[in-house]
Participant: 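Here's a structure for you.
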Amino acid sequence: MDLIGKSVLITGGSSGIGLALAKRFARNGADVWILARRLDVLQKAQKEIEQARLSTDQVIGILQADVGHEASINQVLTEFCEATGAPDYLVCAAGIVQPGLLVEQPLEIFQATMQIDYFGSVASTKAVLPYMISRKSGHIAFISSLVGFAGSYGYASYAGPKFALRGFADVLRTETLEHHLTVSIVYPPDTDTPQHEYEKPFQLEVTKEINKSAGLLSADKVAEAIYKGLLRKQYIITPNFETWFAYLISSTFLVGVIDSLTRNAIRKVNK
């Protein structure tokens, strides 16, 4: 699809799924802005996106801000919208994760994860939303997780914010219908990203055993699914069949499946 003249702003766009998605939009002609904390990482990602863009006429910009600080994100995104107008697509992809047992993890990890993964998305949305409403167009997407509808052993601090995003997206979707805006929420399974590499040393043996039966998708494959879903204005986006099927049965039956996988994993680890 020709996206020349369209703009996309991706929080957490300097690495992982966010960066892969930025490149995908750039290849089809969109102006792309990425937002993250570290300037050096932003500048490196900017060069990668520039190499992927369709034309040198496209704007590939960077915004330095911490989504975990409401004042910072509000100031940067308000200034951006005042200067360039609201983006056609806002993708909230910034997030952190650190696995661990609930009984062992300090409360600070829960608070930090909620602050970035959930409140960071809320703050980003609140900053951009008035400008989209004024224009009467725009699409907002949130990157949740498979853990955002099916909690998994060792991910209590991560599942909470990702479940919260689901509720937030549900409400935002209803509140923006009259303004002709659209919303998406994405449920990626395990994806090969720097964040996934970071969490490996913290993964519990039971978690590793459970994950043996699951594959690892590339960031490019997940980004491709997100990109196509956004263009179709699809509300629920699941990057592969397995995640789609899991979402379809995410009720009592899925809880039973997760219980069974967890019991088997615990037995193997404790042999």
Side-chain angles (χ1 to χ4, degrees), residues 1 3 5-14 16-22 24-26 28 30-36 61 63 65 67-68 70 72-95 114-145 148-149 161-188 222-223 225-239 247:
M1 182 178 178
L3 290 171
K6 300 294 185 181
S7 62
V8 57
L9 193 161
I10 304 174
T11 71
S14 62
I17 294 172
L19 177 57
L21 184 60
R24 188 67 180 82
F25 270 100
N28 276 314
D31 293 334
V32 177
W33 294 78
I34 56 173
L35 182 151
L63 299 171
V67 299
E70 181 184 354
S72 170
I73 199 71
N74 184 64
Q75 178 182 347
V76 168
L77 291 183
T78 298
E79 290 176 356
F80 170 82
C81 290
E82 288 288 338
T84 68
D88 294 288
Y89 298 89
L90 169 65
V91 181
C92 298
M114 181 65 79
Q115 189 65 35
I116 293 172
D117 292 34
Y118 177 68
F119 285 113
S121 295
V122 174
S124 300
T125 300
K126 284 181 66 64
V128 172
L129 187 59
Y131 296 92
M132 287 186 169
I133 289 175
S134 177
R135 192 183 58 197
K136 296 188 182 301
S137 70
H139 191 110
I140 301 174
F142 305 101
I143 309 300
S144 180
S145 166
F149 65 83
K162 295 304 185 181
F163 264 86
L165 275 180
R166 180 180 183 177
F168 181 68
D170 282 348
V171 173
L172 180 66
R173 182 168 175 260
T174 64
E175 291 187 1
T176 55
L177 285 173
E178 63 182 304
H179 302 295
H180 310 288
L181 309 186
T182 47
V183 176
S184 292
I185 184 162
V186 186
Y187 296 108
V222 172
I226 296 171
Y227 174 79
K228 290 178 178 178
L230 293 181
L231 295 189
R232 290 193 293 261
K233 300 187 184 301
Q234 191 174 321
Y235 178 53
I236 303 297
I237 300 175
T238 51
Y247 182 84

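Just so you know, residue 1 is the first one in the sequence shown, and it goes up from there.
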Participant: Under the side-chain hydrogen bond (donor to acceptor under 3.5 Å, both in side chains) test, which residues partner Ser184, sequence neighbours left out?
Facilitator: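 For Ser184 the side-chain hydrogen bond (donor to acceptor under 3.5 Å, both in side chains) partners, ignoring immediate neighbours, are His139.
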Participant: Working to the nearest 0.5 Å, report the span between SG of Cys92 and CG of Asp117.
Facilitator: 11.5 Å
Participant: Provide the closest heavy-atom pair for Ile34 versus Ala22 in the form atom of the first, atom of the second, distance.
Facilitator: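 Taking every non-hydrogen atom into account, CG2-CB, 4.0 Å.
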Participant: side-chain hydrogen bond (donor to acceptor under 3.5 Å, both in side chains) with Gln75: which residues, sequence neighbours excluded?
Facilitator: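 side-chain hydrogen bond (donor to acceptor under 3.5 Å, both in side chains) list for Gln75, sorted by chain: Glu79.
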Participant: Show the nearest heavy-atom pair for residues Thr78 and Asn74, with the distance to one decimal.
Facilitator: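 Heavy atoms of Thr78 and Asn74 come nearest at OG1-O, 2.6 Å.
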Participant: Looking at Ile143 and Pro188, what are the two nearest heavy atoms and their distance?
Facilitator: CG2-CG, 3.8 Å
Participant: Could you pull out every donor-acceptor pair under 3.5 Å between side chains of residues 232-239 and any protein atom, sequence neighbours left out?
Facilitator:
{"unit_1": "Arg232", "atom_1": "NE", "unit_2": "Gln234", "atom_2": "OE1", "d": "3.1"}
{"unit_1": "Arg232", "atom_1": "NH2", "unit_2": "Gln234", "atom_2": "OE1", "d": "3.0"}
{"unit_1": "Gln234", "atom_1": "NE2", "unit_2": "Ile236", "atom_2": "O", "d": "2.8"}
{"unit_1": "Tyr235", "atom_1": "OH", "unit_2": "Asp170", "atom_2": "N", "d": "3.1"}
{"unit_1": "Tyr235", "atom_1": "OH", "unit_2": "Asp170", "atom_2": "OD1", "d": "2.4"}

Participant: To the nearest 0.5 Å, tell me how far Ile226 CD1 sits from Ile10 CD1.
Facilitator: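 Answer rounded to 0.5 Å: 9.0 Å.
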Participant: Could you tell me whether the side chain of Phe149 reaches within less than 4.5 Å of the side chain of Ser144, counting heavy atoms only?
Facilitator: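 The answer is no, as the side chains (C-beta and beyond) never meet within the 4.5 Å cut-off.
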Participant: With sequence neighbours left out, what residues match His179 under side chain to side chain contact (heavy atoms under 4.5 Å, CB included)?
Facilitator: Ile133, Leu181
Participant: Taking Ser7's backbone N and O only, do any of them form a donor-acceptor pair with Asp88's side chain (distance below 3.5 Å, no angle check)?
Facilitator: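 Yes, because the side chain of Asp88 sits within donor-acceptor range (under 3.5 Å) of the backbone of Ser7.
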Participant: For Phe163, what residues pass the ring pair (Phe, Tyr, Trp, His ring centres under 6.0 Å) criterion, not counting sequence neighbours?
Facilitator: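 Ring pair (Phe, Tyr, Trp, His ring centres under 6.0 Å) list for Phe163, sorted by chain: empty.
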Participant: Please report the closest heavy-atom contact between Ser145 and Tyr187, naming both atoms and the distance.
Facilitator: O-CD2, 3.2 Å
Participant: With rounding to the nearest 0.5 angstrom, report the CD to CG distance, Glu175 to Leu129.
Facilitator: 8.5 Å
Participant: Among residues at least two apart in sequence or on other chains, which ones pass side-chain hydrogen bond (donor to acceptor under 3.5 Å, both in side chains) with Glu82?
Facilitator: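 For Glu82 the side-chain hydrogen bond (donor to acceptor under 3.5 Å, both in side chains) partners, ignoring immediate neighbours, are Tyr131.
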Participant: Step by step, work out the side-chain contact (heavy atoms from CB on, under 4.5 Å) result for Thr84 and Asp31.
Facilitator: CA-CA 11 Å; Thr84 68; Asp31 293 334; over 6 Å; no
Participant: Minimum heavy-atom separation for Leu230 to Ala141, with atom names?
Facilitator: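 Taking every non-hydrogen atom into account, CD2-CB, 3.6 Å.
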Participant: In chain order, what residues pass the ring pair (Phe, Tyr, Trp, His ring centres under 6.0 Å) check against Phe142, with sequence neighbours excluded?
Facilitator: Phe168
Participant: What I'd like to find out is whether the side chain of Leu90 reaches to under 4.5 Å of the side chain of Met132, using heavy atoms alone.
Facilitator: yes
Participant: For Ala65, what residues pass the side chain to side chain contact (heavy atoms under 4.5 Å, CB included) criterion, not counting sequence neighbours?
Facilitator: Leu35, Ser72, Ile73, Val76
Participant: With a 3.5 Å distance limit and no angle check, can you tell me whether Lys136 reaches the backbone of Glu178 through a side-chain donor-acceptor pair?
Facilitator: no
Participant: Strictly distance-based, threshold 3.5 Å: is any side-chain N or O of Thr11 a donor or acceptor partner for the main-chain N or O of Ala93?
Facilitator: yes
Participant: Thr125 side chain to Ser121 main-chain N or O, any donor-acceptor pair under 3.5 Å?
Facilitator: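 Looks like yes, one N/O pair under 3.5 Å.
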Participant: Do Tyr227 and Val91 make a side-chain contact, defined as non-hydrogen atoms from C-beta onward lying under 4.5 Å apart?
Facilitator: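 A side-chain contact is absent here, since even the closest heavy-atom pair is not under 4.5 Å.
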Participant: Could you list the residues that satisfy side-chain hydrogen bond (donor to acceptor under 3.5 Å, both in side chains) with Ser137, not counting sequence neighbours?
Facilitator: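 Partners of Ser137 by the side-chain hydrogen bond (donor to acceptor under 3.5 Å, both in side chains) criterion, ordered by chain and then number, come out as Arg135.
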Participant: Heavy atoms, side chains only, cut-off 4.5 Å: are Phe25 and Lys6 in contact?
Facilitator: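 SC-SC contact between Phe25 and Lys6 ruled out.
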Participant: With a 4.5 Å limit on heavy-atom distance, are the side chains of Leu3 and Val8 in contact?
Facilitator: no
Participant: For a 4.5 angstrom cut-off between non-hydrogen side-chain atoms, does Leu63 reach Leu9?
Facilitator: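 They are in side-chain contact.
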Participant: Do you know the tightest heavy-atom contact between Thr176 and Leu172?
Facilitator: OG1-O, 2.8 Å
Participant: Of all residues at least two apart in sequence or in a different chain, which pass the salt bridge (charged side-chain N to carboxylate O under 4.0 Å, His left out) check with Lys126?
Facilitator: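 If we apply the salt bridge (charged side-chain N to carboxylate O under 4.0 Å, His left out) test to Lys126, skipping adjacent residues, there are no hits.
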Participant: Does atom CD of Glu70 have more than 12 heavy-atom neighbours, drawn from other residues, nucleotides or ligands, at distances under 6.0 Å?
Facilitator: no
